[in-house]
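Shown next, in structure tokens, is the structure this report addresses.
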Amino acid sequence: MVAEVDNSQEKIRHCCGHRQPASNGAFFKKLLVLLLCLCSTSPAFASERILALAPHICEILYAIGAGKDVVGAVSYCDYPEEAKSLPRVGSYNRINVEAALALAPTMAIVSDEKMIGVQKLRSLGVKIVQSHPEQVDDVLLDIRHIGSAVGQRKRANQLADSLQKRLDKLDASMENLKTAVFYEIWPTPLLTAGKHTFINNVLQRIGLRNVFGDVELEAPRVNVEAVIAAKPKIIIIPSEKRDVAKRIRFWKKWLGEDIRVISVNPDLVHRPGPRLLDGMEYLAGQLEGLQIEH
Amino acid sequence: MIQMQALRVQRGDKQLITSLTMQAKKGEVVVVLGPNGAGKSTLLLALTGLHADYAGEIILQDKTLPHYSHQEISLQVAWQGELPPTEFGLTVQQRLEMACSGKLEKLAQALAYFELKPLAKRALGELSSGERQRVEIAAIMVRDCPIWLMDEPTAHLDMRHQVDCLKLMKQEAEQGRLIITVLHDLPQAAAIADRVVVLDGLGGVEVGLAKDMLTAKCLEPIFHVKLKGNGYDLMPAYQKEYHGELYEKA
Amino acid sequence: MNIRKNPYSLFCVLLLISLAVALIALGMGEHWINPLSPSSDMESRILWELRWPRLLTAFAVGGMLALAGAWFQVLLGNPLAEPYVLGVAGSAAVGAVSAMIFMPDAAWAVSLGAFVGAWVGITVVLFFSRLGSARLLLAGVVLAAFWAAVLMLLIALLPERGVALAYAWMMGDLSNSALPIWLLMLVWAAALACGLILSLSLDKLLLGEKHAAALGVNVPHLRKLLLLLASAVTALAVTAAGTIGFVGLVVPHLMRLLLGSLHQSVLIASAFGGGVLLMLADTAARTVISPAELPVGVLTAIIGVPVFLWLLLRRNA
């Protein structure tokens, strides 16, 4: 009996998703019965069905205990482990409205309202919440914001408070070193982070000075010569899609054996989510070693 | 000099010539006549080795065509046809130098014959069609091959240059060249032809001496045009008084 | 001596010009370094290990693209053809981006992908090579559109950060040639030599295929050879530097205007002219908004398009 109900519930959602006009009488009767069943059994009915349309949003939702309400995600929502099995409804710049509606969402949290398909969702009655942190502080604000939007205000505030504490500690422990750092987003062609980037802000918060932090571009192309001229003391390399050992040899060749090269999991520093402090603390930890050396 | 044996030429699915057997000797002018699309140009291309879709044999000197390389054919046979494209800005001089393979005295002679000297440095694209046609005739002159295949050599030319061109062809034949040419103008054909090949456009071919072939009786059924006169005077019977039609249907 | 007529003096003059440009370009960068007397060990390393290989890459790739462009123009009987016209750049980009998707952890895979992609594109084009020039060009345009569509499809599959990288590759980069410099220079020289050997036949091909054949050129042979040669050179250039537009279109065209249309001089001048142009463009790319760099492929297109349109108007006048 229960199994049957669940199954029918799926059907309703499916129909709602497609906004098919229910046209035959038999179907209506079925619907009525099912609605009665639903009212009597399901407390989950009150909570939202959420689409997490960016990797950092997905991480936040799981971290504040709203993971059970997430019904769909986009490509590269790969953390935590449970998120990997979520149905996918799009990628970073567009969503498939039909696939999204089939999941009967009541809310979509997006990183950019201009993402293709989002306005369509809104016009079909799905609540749209935006989260696009451009600075470290925004991450904490957005966690609180998302928490209140999905009815997990308490846990979201707890999380944000604890992250804030870690951030304060970090701020206090890092003297404003202004150590020059080069952040190697990509080796070929050599790309780095410019002025108005999240990464630039992350670097500032751990007391570093991004040597290309005044370039008014998002991901400027630079050349080795420009890096040499900028005299960084530290190179940070996201440990993705490259041979880190080879990059370390490369930079030592050009900047001398003293150059400190740190490799870091990019998801911890590029992604404005709850793991950001892990990444920042990791980098800060690596820097302490550096202070001893000097 | 060039021999065709049971030559059958087709283009795609269309049979242009079902069977042509003839022999052309040096010193002759052979004129090919026929309606549009009958395969006159294709016949010339086949003889140049540029149209491979044929059966039967084409024998050049003593060997069939497939036994020659492109290079060897080009020493025997010169071809004049469509005007070359002008996009790349070749000059008259450059175009002729490509044809003359180093024989510069020939080149000067040809330039003089067709009054092209003042145009020599100009790009082909800056010339009129008539001037470009003169360059093409000059180009075949400088080739100095024993066989000339000429596809409508008098097209685009003014009257004087038409006469010059026909004179040249006659002279060259007298000096021992074989000239096979496509013409549309019957008086021009009559002026130079020793022999005539007529294609009817349906696969049929007739070959004969000019004086036998250039007659109303022979050509009217091919062109569906009423002809009057004979030999040099053979021409369409223009009947102005005839209602609605310029030419009388044969 | 008239350098238009004498290939040896043309070669020598262009070689000197190229060396002079290279010397000046070598000095330019993050800051000026006198190439003849670098003041420190680091300066001389910057000169000879960073700037010089990059200049040579630019020279070789520029020359290769210009030669390939000249060949494609004759082959297709269209002076407005360029090396990427038959979709080789598109298929190379598809290969490169596929490598980014399917082998994301290996940087070398991108170059390999580009090379394989370029050859897949060439093989497809060769299949159509028996078509006449006009239809071959049409087939090429359609193929290029097809590869562009596949590329868009693949880019849609990339993560956000990956998209920036895909575009970075497509806009061309001379700083990290996957192919060794000596190989590029060798290809440049071999391509020029092949071009010169074929130059008389190429001239005849300017008259159209029938005239060329009547002048003793084995046209089907030459067409296949030319298609293979031009595509192979394009594939290597794309593998080394990504897609760099308009060098292959503008340079041969410009050289024809300056030196006439005979291939001996056009090919020599294109091989050097393309090289010099790309050295200059890349020097500009390195220095204009320093310390950031402009993508060189975009720069050549921005310079190339107005020049091209101007040529087009002039031809019409």
Side-chain angles (χ1 to χ4, degrees), chain A residues 54-56 74-78 90-94 96 111-112 115-116 182 185-195 199 211-231 238-244 246-247 250 253-256 266-267 270-271, chain C residues 28-31 33 40 42-43 45-47 49-51 53-54 96 99-101 103-111 155-178 241-242 282-283 285-287 289-298:
Chain A
H56 77 275
V74 288
S75 337
Y76 306 102
C77 290
D78 52 6
S91 66
Y92 69 94
N93 65 346
R94 69 163 68 226
N96 179 336
S111 68
D112 183 358
M115 189 174 175
I116 296 166
F182 172 71
I185 290 186
W186 191 250
T188 56
L190 199 55
L191 302 179
T192 189
K195 191 172 186 178
I199 293 171
V211 292
F212 295 111
D214 50 359
V215 177
E216 296 272 348
L217 294 170
E218 179 125 354
R221 243 180 224 238
V222 292
N223 57 44
V224 179
E225 206 182 306
V227 178
I228 295 169
K231 299 194 176 66
S239 54
E240 61 171 351
K241 301 180 187 176
R242 73 202 79 176
D243 182 346
V244 174
K246 201 170 145 197
R247 295 309 296 166
F250 177 83
K253 190 178 112 197
W254 283 107
L255 299 168
D267 289 345
H270 293 198
R271 221 178 250 190
Chain C
M28 291 174 71
E30 194 58 24
H31 54 268
I33 300 175
S40 68
M42 181 50 97
E43 280 200 352
R45 281 181 68 201
I46 287 176
L47 278 181
E49 289 179 45
L50 289 177
R51 293 184 189 174
R54 186 163 168 170
M100 289 179 196
I101 292 176
M103 302 176 73
D105 294 318
W108 52 268
V110 175
S111 303
I155 285 179
L157 298 176
L158 279 172
E160 192 168 2
R161 265 174 276 154
V163 173
L165 301 178
Y167 279 115
W169 185 86
M170 279 186 277
M171 289 186 291
D173 177 35
L174 292 160
S175 62
N176 283 290
S177 166
D282 191 50
T283 305
R286 286 191 290 135
T287 51
I289 57 161
S290 156
E293 271 190 37
L294 292 168
V296 66
V298 173

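Remember, it's a predicted structure, so these values are computed and weren't measured experimentally. Chain letters run A, B, ... following the sequence lines, proteins first and then strands; every chain starts at 1.
- Remark: K195(A) engages E216(A) in a salt bridge (charged side-chain N to carboxylate O under 4.0 Å, His left out) (not counting sequence neighbours).
- Residue R51(C) touches chain A through its side chain alone, counting heavy-atom pairs closer than 4.5 Å.
- The structure places CD of E49(C) at 4.0 Å from CH2 of W254(A), a figure rounded to the nearest 0.5 Å.
- With values rounded to the nearest 0.5 angstrom, I228(A) atom CD1 is found 11.0 Å from E43(C) atom CD.
- Note that CG of L191(A) is 9.0 Å distant from CG of D173(C), once rounded to the nearest 0.5 Å.
- Neither the backbone nor the side chain of L174(C) comes within contact range of chain A; no heavy atom of the residue lies under 4.5 Å from a heavy atom of that chain.
- Heavy atoms closer than 4.5 Å to chain A are found in the backbone of A156(C), but not in its side chain.
- Residue-environment remark: CZ (R45(C)) exceeds the threshold of 12 foreign heavy atoms within 6.0 Å.
- With a 4.5 Å cut-off on side-chain heavy atoms, E225(A) and R54(C) do not count as touching.
- For the pair V222(A) and E293(C), the minimum side-chain heavy-atom distance is 4.5 Å or more.
- Using a 4.5 Å cut-off between heavy atoms, V224(A) contacts chain C through both its backbone and its side chain.
- Heavy-atom distances place the side chain of S91(A), and not its backbone, under 4.5 Å from chain C.
- For D78(A), the side-chain hydrogen bond (donor to acceptor under 3.5 Å, both in side chains) partners at least two apart in sequence or on another chain are R271(A).
- Looking at S175(C) and L190(A), their side chains never come closer than 4.5 Å, going by heavy atoms from C-beta outward.
- Considering CZ of R221(A) and CG of L294(C), their distance stands at 9.0 Å, rounded to 0.5 Å.
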